[in-house]
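Basis for what follows: all heavy atoms, side chains included, without hydrogens, waters or symmetry-related copies. Just so we're on the same page: letters track the sequence lines, and every chain starts at 1.
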Amino acid sequence: MKEQISKIQKEALENVKNSKDLKELNDIRVKYLGKKGELTLLLRQMGSLSAEERPIMGAAVNTAKQEVEEKIQEKEEALRKLEMEEKLEKEEIDITLPSQKITRGSKHPLNRVIEEVEDLFVSMGYDVVSGPELETDEYCFERLNLPKGHPARDMQDSFYITADYLLRTQTSSVQARTMMANKEKSPIRVIVPGKTFRREDDATHSHQFNQVEGLVVDKNISLADLKGTLEVFMKKMLGQNTELRFRPSYFPFTEPSYEVDVTCFKCGGKGCNLCKQTGWIELLGSGIVHPNVLKMNGYDPEKYSGFAFGVGLDRLAMFKYGITDIRLLYQNDVRFLKQFDRKDEENEIKY
Amino acid sequence: MKLSINFLKDYVDLDETIDVIKIAEDMTNAGSEYDEAGKLINATGLVIAEVIECKDHPDSDHLHCCKVNTGKEILNIVCGAPNVRKGLKVILALDGAQLPGGVIKRGVIRGEESNGMICSIAELGLESKFLKEEDKAGIHELPQDAPIGEDPIKYMQMDDSVIDFDLTANRGDLLSILGMAYEIGAIYDKKVKDIDLSHKENKEDINDIFKIKVNTDNCSIFLGKKIKNVTIKESPEFIKNRLIASGIRPINNVVDISNYVMLETGQPLHFYDADCLKGCLEVRMAKEGEKLRTLDNIERTLKAEDIVISDGEKAIGLAGVMGGYDTEITDKTKNIIIESAIFDSVKVRRTSNAILRSEASNRFEKGLDPNRTYMAIERSCNLLEKYADAEIVGGLAIYDTTEKEDKVIDITAKNINAILGMEISEKDILDVFRRLGFKSSVKNDIITVSVPRRRIDISIKEDLIEEVGRIYGVNNIKGKLPNILPKMGSYDKVSRQIRNKMIDLGLNETLSYVLVPEADSKMFTKDDYEVVKLLDPLSEDKNTLRHSLSIALYKIYEYNKARNNKDACIYELGKAFQKKGEEYSETQKIAALMSGDYYLGIDKKKVDFYVIKGVAEEILDYLGYNGRYSFIKDKEKMPDQMHPGQSAIISVNNDYVGIIGKIHPEIESEDVYILEIDLDKLLAKKVGKMKYKEISKFPSIKKDLALVVDKKLTAQEISTKIKKYAGSMLDSQEVFDVYTGKGIDEDKKSIAFSLTFAKTDRTLTDEEINEVMEKIIAGVKKDLKAELR
């Protein structure tokens, strides 16, 4: 019997060694170690042995079984590894092939700038308000100290619908609306981003463009408050190193009035063709709210004062994204629009 | 306003070395921007020379070969001008001279040496409107006594500099040399010099021989002065040159003086040929339809709003805008009536906008100082006496209702500093007023300021604050943030959320024009409204306000299609406009347009109705309207530009809020789909709070149901019935297959639903499910004549 054991064991080990895959190996396991396996069957024959032989033979069969089992396991591991390697090799791909895009849409660059301005001012406690684009002459001009026949109306050639209705030429129209609506005279802090329209169309002017208006009305508001606010605004939009220069000007709804120049964003103030070698770019109109405007819209100019400013957003957007032609903003070429799907760089400012 | 620096120097002393650009910059910083500043004649390398020999060029029928004496040397010059001849004094540009047209270089012209160029006035850069006839034809002929070798620009008194200002509408006072002198004087702290008004007058009195009448409120002052025996001739060089520098064409001494005085004082004047008048001038409103031939020999038809000057019978001048043809100064004029007046600025503006904008109307529109109305008459007398040999008739015909005294305004240093946010001392403030030429006195901290009438822009305290800021400077103000109680800022979050959702869905945001062509303005809508049209559009393709955003998006699509960008998935949120009855209104809308490939996850898909429907549903679900909307085919409400079989109205709570579908193939050959929703209407429908819905702990059971139904039956009609018969056990259902073709009758289709059944409190049994399935099948058989497949 001993010979039989070692014969079967030898044969089994030989088979394990030669097995090619896991299935064959499993067949071998069944053939020798399964319920009806050859080694298992040998254990069943123990009954015919003598009491002395039985434990010896039993131990011999078990040792053989154990050895075979160990070899099968070793082989199994080796085969598994081999199979995995083959599988991995088979699954290898060319990672440089183009990706399958998951395409998101994009936000219009002008609206991106509007949102940036909104977020800044909302963080300072301002309300973002809008007003009608189809506005009345009363709110667009008369309530802003621009009576009919005023020569300053020439500054803004308008699209009239009737003698009383027009497309708003400036977001300033919302100044009067905001003041009139604020019956309890709580402090006003608003910005008004939106579309504006003027009767001109050429390489540098679009008949439709975007402005943001700012209005603050309370007690003791001064030019210093305007300057500080615009400094924060401009540094946020154009960078920490941006400086402001106030130049006296004239707007019928503010007195005093100032044009505000900012450090040229192209050359940083050194002088270049964009700023015509001056180092400055004219960007905003601003001033202290004219007492007539306060009076006409329900505020006592002896008690209250305020500041207002307006800035063209098209130019800000053009600067921000290096857009050289204003018409690109309104052509809506999808090849242009699709480019704006990246997050903006934020200007960190200290103030 | 073009400012001649030579002219300015008559009234204020400037440092000889001061650069014109520096003046322009300093004025800009004080509130008056400039467009251009530089020399009147921008040329170098010029010399006065004499032509000492002039022969025809051997190889040309029009060129001449000249020998020219520059005082230093004799140069050979080839010249093509017809008027070049021996003995002529000329302007010679030497080798290397810089002219506005380029650099002059020595060269050989058809075999003949030429060492420079004999110049015409045009070649020095003067606009042709300023040229005399003889100067247009050829080279400029200098007087015989012109000194050879000297600078011709200086000799012609054209060594002037000019600043072209872009003045603000309030500073009418700067439309005069005197006004500029006060302003620049204030900036550099220089005193303004007196104007010479001296002249002699004869013993006559105009009031004995001439009458003025003012029969309208639109003329506040009207002065008449008579001048006799003028000699009409060319003006002296300085007058001509200053007019040219100021952009006005010289005509003759008398006309030039009227313009010269207007430039000096800002007061427009009109000179009439006295012999063409009937002994009187009347100011009145025009009669509607009244005719007047103006100076430019055009017959104008007047309106009742125009102010006219009449000779007592008919209109002879358009007040403040332009004189009449019949009474103008001619070469034969001997006697003159000078009119100096102020007309209503609004009326003049209206008339000049309708007829013609002139130097005069520009000044009347912005307002004038009545003191200058008198001054201008006297200054004219002074110049006419000197340069037109005039005899001045005594007396002045006067109609005057104006105030001429200084305006008195009280202010304190505290007022000024509170607004400027600065701490300027009272002493510094008083100094600003002194520099501006305003008298001031102080009592108990109150500064009383007397503002001369020339400063029409100043009437209230705030105007004075601006003056202090302007002259003192505000650039050293320290900025601060307003000291107001903090609060939370707000903005229209919903719009932004909707826009972000659209972007998440893969659409690109556009920003289109509100103005569209009227012809297209009724496209993509069947709403009941009137279009809103512009009174005075820039062009026909932008003359109407859009009522639908789809039209704007469709224009954008066409633009892109023409550039072969056929994959367009775009949207816009914006305003649309309409008129109903007498009311104008605007509505917030959102529209999307989709065509070509849509990138859905990792696969691209050709856009079809179901893709854009998916976008619509995503937005509606996102806004909380899940289960409250439906897409309905409604011929009444569907715009004609939509494909009748592939479009629908969007209804929320049975209320129309928008349209969706394919553009009619008659309009668009490509497959283009649009979606438009009235956001004002939609968002007015309240939605409940978002709440967590319990997830069943018990397993759900899925059953498939394939039905053969009439082809025209919609999925929605079937699913409504399924829902009805399934009762509460049905958790959800979806269509997973639609089939027509082999095995199905022509007029039928097969439609397969996947039904999910669940209860949150227990596991459903097979018996229960089978019972419900039978109910559903029996129901759809009965109601829809459906058959099981």
Side-chain angles (χ1 to χ4, degrees), chain A residues 100-108 110-111 118 121-128 132-134 149 151-152 155 159-161 165 187 189 195 199 201 207-208 216 218 221-225 227-229 231 245-250 255-256 288 290-291 305 329-335 337-338, chain B residues 28-31 168-170 346 349-350 365-366 418-421 460 462-463 465-466 469-470 474-475 477-482 484 486-492 502-514 532 534-536 538 556 559-560 563 565 568 575 577 584 586 599 601-602:
Chain A
Q100 297 270 25
K101 288 237 192 287
I102 298 168
T103 314
R104 229 176 142 253
S106 57
K107 200 168 272 184
H108 193 281
L110 253 165
N111 285 336
E118 285 179 351
F121 279 96
V122 166
S123 79
M124 296 196 288
Y126 285 62
D127 295 321
V128 179
E133 288 167 20
L134 175 51
M155 291 154 70
F159 285 122
Y160 274 92
I161 310 293
Y165 279 91
R189 265 165 289 183
K195 294 190 182 89
R199 210 179 159 281
D201 239 344
H207 73 277
Q208 177 178 318
V216 170
D218 196 17
I221 298 295
S222 76
L223 200 61
D225 297 312
K227 191 175 186 189
T229 304
E231 276 168 350
R245 181 174 78 168
F246 277 60
R247 253 184 316 106
S249 187
Y250 171 68
E255 185 72 38
I288 297 294
H290 197 289
S305 59
L329 293 173
Y330 298 95
Q331 278 164 347
N332 297 294
D333 190 309
V334 292
R335 292 166 299 184
L337 298 175
K338 279 179 178 172
Chain B
T28 297
N29 290 330
T168 56
N170 60 328
V346 175
R349 192 175 120 88
R350 199 163 289 158
E365 277 178 22
K366 304 211 160 86
I419 289 297
L420 295 182
I460 55 172
E462 284 72 11
D463 297 325
I465 297 174
E466 170 151 54
R470 262 176 6 92
V474 294
N475 276 314
I477 296 181
K478 185 136 178 41
K480 69 180 189 66
L481 290 178
I484 309 181
K487 73 161 184 59
M488 210 173 97
S490 64
Y491 68 99
D492 179 3
M502 292 301 269
I503 290 162
D504 289 343
L505 290 170
L507 285 94
N508 298 300
E509 186 177 58
T510 64
L511 194 63
S512 62
Y513 291 135
V514 160
V532 183
L534 297 183
L535 283 180
D536 190 12
L538 270 175
I556 293 171
Y559 177 90
N560 277 290
R563 281 152 190 79
N565 309 330
K575 296 263 181 78
F577 305 84
Y584 290 94
E586 53 188 66
Y599 291 83
I602 57 167

Using a 4.5 Å cut-off on heavy atoms from C-beta on, say whether the side chain of E509(B) contacts that of L337(A).
no
Minimum heavy-atom distance between K227(A) and V474(B), given as atom pair plus value
NZ-O, 4.4 Å
Say whether, by atom type as modelled, one donor and one acceptor occur between the side chain of R199(A) and the main chain of D536(B) under 3.5 angstrom.
yes
Report yes if the side chains of E466(B) and Y250(A) come closer than 4.5 Å at any heavy-atom pair, otherwise no.
no
Measure distances from V216(A) to the heavy atoms of chain B and classify the residue's part below 4.5 Å as side chain, backbone, both or neither.
side chain
Donor-acceptor pair, side chain of Q208(A) and main chain of S512(B), under 3.5 angstrom:
yes
Can you confirm whether E255(A) sits close enough to I419(B) that some side-chain heavy atom of one is under 4.5 Å from a side-chain heavy atom of the other?
no
Verify, without hydrogens or angle tests, whether N560(B) (side chain) and N332(A) (backbone) share a donor-acceptor contact under 3.5 angstrom.
yes
In terms of ring plane angle, is the pair Y513(B) and Y330(A) parallel, tilted or perpendicular, where the classes change at 30° and 60°?
parallel
By side chain to side chain contact (heavy atoms under 4.5 Å, CB included), K480(B) pairs with (sequence neighbours left out) A224(A), D225(A)
Taking only residues two or more places apart in sequence, or in another chain, which ones meet E118(A) in a salt bridge (Lys or Arg N to Asp or Glu O under 4.0 Å)?
R496(B)
P482(B) to T229(A) - nearest heavy-atom pair and separation
CD-OG1, 3.4 Å
Under 4.5 Å from a heavy atom of chain B, the part of D333(A) involved
both
Is the shortest side-chain heavy-atom distance between K575(B) and K195(A) below 4.5 Å?
no
